[in-house]
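These notes are about the structure you will find just below.
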Amino acid sequence: MRTQVAIIGGGPSGLLLSQILNQAGVETVVLERATREHVLGRIRAGVLESGTVATLRAAGLGDRLDREGFYHEGCFLTDGDLSIPIELDKLTGRGVTVYGQTEVTRDLYEAQDAMGTTIVHGVEDVVIQEATGTAPFVEYTLKGARHRLDCDYVAGCDGFHGVSRKTIPEDKRQEFERVYPFGWLGVLSKTPPVSHEVMYSNSPRGFGLCSMRNAELSRYYIQVPVGTDPNAWSDDQFWEELSLRLPKETADRLVTGPSVEKSVAPLRSFVSEPLRWGRLFLVGDAAHIVPPTGAKGLNLAVSDVYYLSEALIDALKSGNETGIDGYSDRALNRIWKAMRFSWSMTTMLHQFEGESPFEAQMRRATLNHLSRSETARKDLAENYIGLPY
Ligand code: FAD
Ligand code: DHB
């Protein structure tokens, strides 16, 4: 098989890249390890920046997003009974849209089917060959048989545990990492959300987050120790612990019910530089991970795709390679700022085991300052709604 761009991974990054490239007349083949059902079943991000929404709309994915997504003019931070409204729209002129990653992925699959692009599911043992030459190719196993896909470029969109990043020799990349000593236990429940706007809560018992998917579907998270088994938490225990971390007035209004999904996500900040090795490019979680506290993971994947699609279209349609030469620096510039923001939100809102009373005071002072200073809230809002591309 031959294509112009071989895309490893059919998550949001790989599918969106395929969508934008095919719209511009560039051929792609997506190689995905899992089944479509598995990819669609992963409950993950929920908050889309306006730049993400604009990119999805331009890629022909705006219909259901505009109908079913919820525009949020603000969000809240809380600390005990102190509630700090962050008026995103008023402070920056833009808000965010709540629309689940599962829905984005579903829209992408439908759009790709309508365009008739090639997505191969169930591939194993993917190996990227000759990335630094002029004729790279990808080998993979499908139903027991080995295959070869020749291409002009390879896009590594295969997430944190994929093969693409590891294909780059260790002496050609630099990794930066912070692993946090806690994770998030997330619950999806068929209950009306306690708050229309997303609420990030600091408390002496740890962090809690209230989010939503629609008027009858809520998404909640609590900070838990690293290595926590989600099945060790009953629904009742989860609701009780979440309530204890919210302002009393909010906890009193919390509608509880059976969970429809429960999982634990570890928290990590990670960047691998550069994002290019010859004709191989890293995109999204394959290159970087942010702790979810700033709601940046999916949004960063979309801005990477935006930059790379522009660069590949220029290279393949006009032979202009300036864009692909600049991709890594351009994307990293935005990635590092989102890294900083996600790290600062995580530090401000979580309890760190063994921390000194000084650190707890710093957290309280930061929240106190935010509650009093519109300048501080504006800075947070500017980062939360997403820095410009
Ligand atoms: P992925 O979504 O990881 O997609 C990579 C794809 O590549 C997968 O489909 C995988 O099956 C496939 N793949 C992997 N290895 C191979 C291989 N060797 N060969 C072929 N295919 C391969 N972000 C937020 O903003 N908010 C959140 O609440 C949030 N929660 C999260 C919870 C979890 C458990 C995780 C893991 C992430 C979460 N994120 C969240 C981050 C967000 O979901 C990611 O940033 C986003 O999914 C990145 O998309 P991606 O396509 O780059 O990577
Ligand atoms: C959601 C996830 C986040 O990481 C976040 O910061 C806000 C909302 C969510 O799943 O809805």
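When a ligand or atom number is given, it counts from 1 through the structure's own listing order. Because only heavy atoms are used, hydrogens play no part in the values below, and waters and symmetry mates are left out as well, while side chains stay in. Residue numbers start at 1 and run along the sequence shown.
For Tyr71, the ring pair (Phe, Tyr, Trp, His ring centres under 6.0 Å) test picks out no residue, with sequence neighbours left out. Partners of His121 by ring pair (Phe, Tyr, Trp, His ring centres under 6.0 Å), not counting sequence neighbours, listed by chain and number: Tyr109. For Phe270, the ring pair (Phe, Tyr, Trp, His ring centres under 6.0 Å) partners are Phe160, not counting sequence neighbours.
The residue Ser263 has no part lying near ligand 1, judged by heavy-atom distances below 4.0 Å. Contacts between Val126 and ligand 1, counted as non-hydrogen atom pairs separated by less than 4.0 Å, involve the side chain only. Looking at Leu31 against ligand 1, only its backbone comes within 4.0 Å, counting heavy atoms. Residue Tyr221 touches ligand 1 through its side chain alone, judged by heavy-atom distances below 4.0 Å.
Nearest residue to atom 3 (O) of ligand 1 from Arg44, His38, Glu32, His288 is Arg44 (criterion: closest heavy atom).
Protein heavy atom closest to atom 44 (C) of ligand 1, with residue, atom name and distance, is Asp285 OD2, 3.2 Å. Regarding atom 50 (P) of ligand 1, its nearest protein heavy-atom neighbour is Ser13 OG, 3.2 Å. Nearest to atom 8 (C) of ligand 1 among the protein's heavy atoms is Arg42 NH2, 3.2 Å. Nearest protein neighbour of atom 42 (C) of ligand 1, counting heavy atoms only, is Gln101 OE1, 3.6 Å.
Residue contacts with ligand 1: Glu124 is excluded, as none of its non-hydrogen atoms falls under 4.0 Å. His161 does not count as a contact of ligand 1, since none of its heavy atoms falls under 4.0 Å from the ligand. Trp184 does not count as a contact of ligand 1, since none of its heavy atoms falls under 4.0 Å from the ligand.
Geometrically, ligand 1 and Val264 share no nitrogen or oxygen pair separated by less than 3.5 Å.
With respect to the salt-bridge test (charged N to carboxylate O, under 4.0 angstrom), the residues Arg219 and Glu261 qualify. The existence of a salt bridge linking Lys90 and Glu73 is excluded, since no basic side-chain nitrogen approaches an acidic carboxylate oxygen closer than 4.0 Å. Salt-bridge annotation for Asp252 and Lys248: present, with a side-chain N of the basic residue lying under 4.0 Å from a carboxylate O of the acidic one. Under the 4.0 Å criterion applied to side-chain N and carboxylate O atoms, Arg377 and Glu87 are not assigned as salt-bridge partners.
Listed for the His196 side chain is no donor-acceptor partner under 3.5 Å among the backbone atoms of Met212.
For Arg276 and Phe281, the positive end is not near the middle of the six-membered ring at less than 6.0 Å and at most 45° from its axis.
Close contacts of ligand 1 with Ala45, meaning ligand atoms under 4.0 Å from a residue heavy atom, involve 23 (N), 24 (C), 25 (O), 26 (N), 27 (C), 28 (O), 29 (C), 40 (C).
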Could you pull out the N/O contacts under 3.5 angstrom between ligand 2 and the surrounding protein atoms?
unit_1	atom_1	unit_2	atom_2	d
ligand 2	4 (O)	Pro292	O	2.7
ligand 2	6 (O)	Tyr200	OH	2.7
ligand 2	6 (O)	Pro292	O	3.0
ligand 2	6 (O)	Ala295	N	3.4
ligand 2	10 (O)	Arg213	NH2	2.8
ligand 2	10 (O)	Tyr221	OH	2.7
ligand 2	11 (O)	Ser211	OG	2.6
ligand 2	11 (O)	Arg213	NH1	2.8
ligand 2	11 (O)	Arg213	NH2	3.4

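Here the two rings, on Tyr180 and His350, have centers that are 6.0 Å apart or farther.
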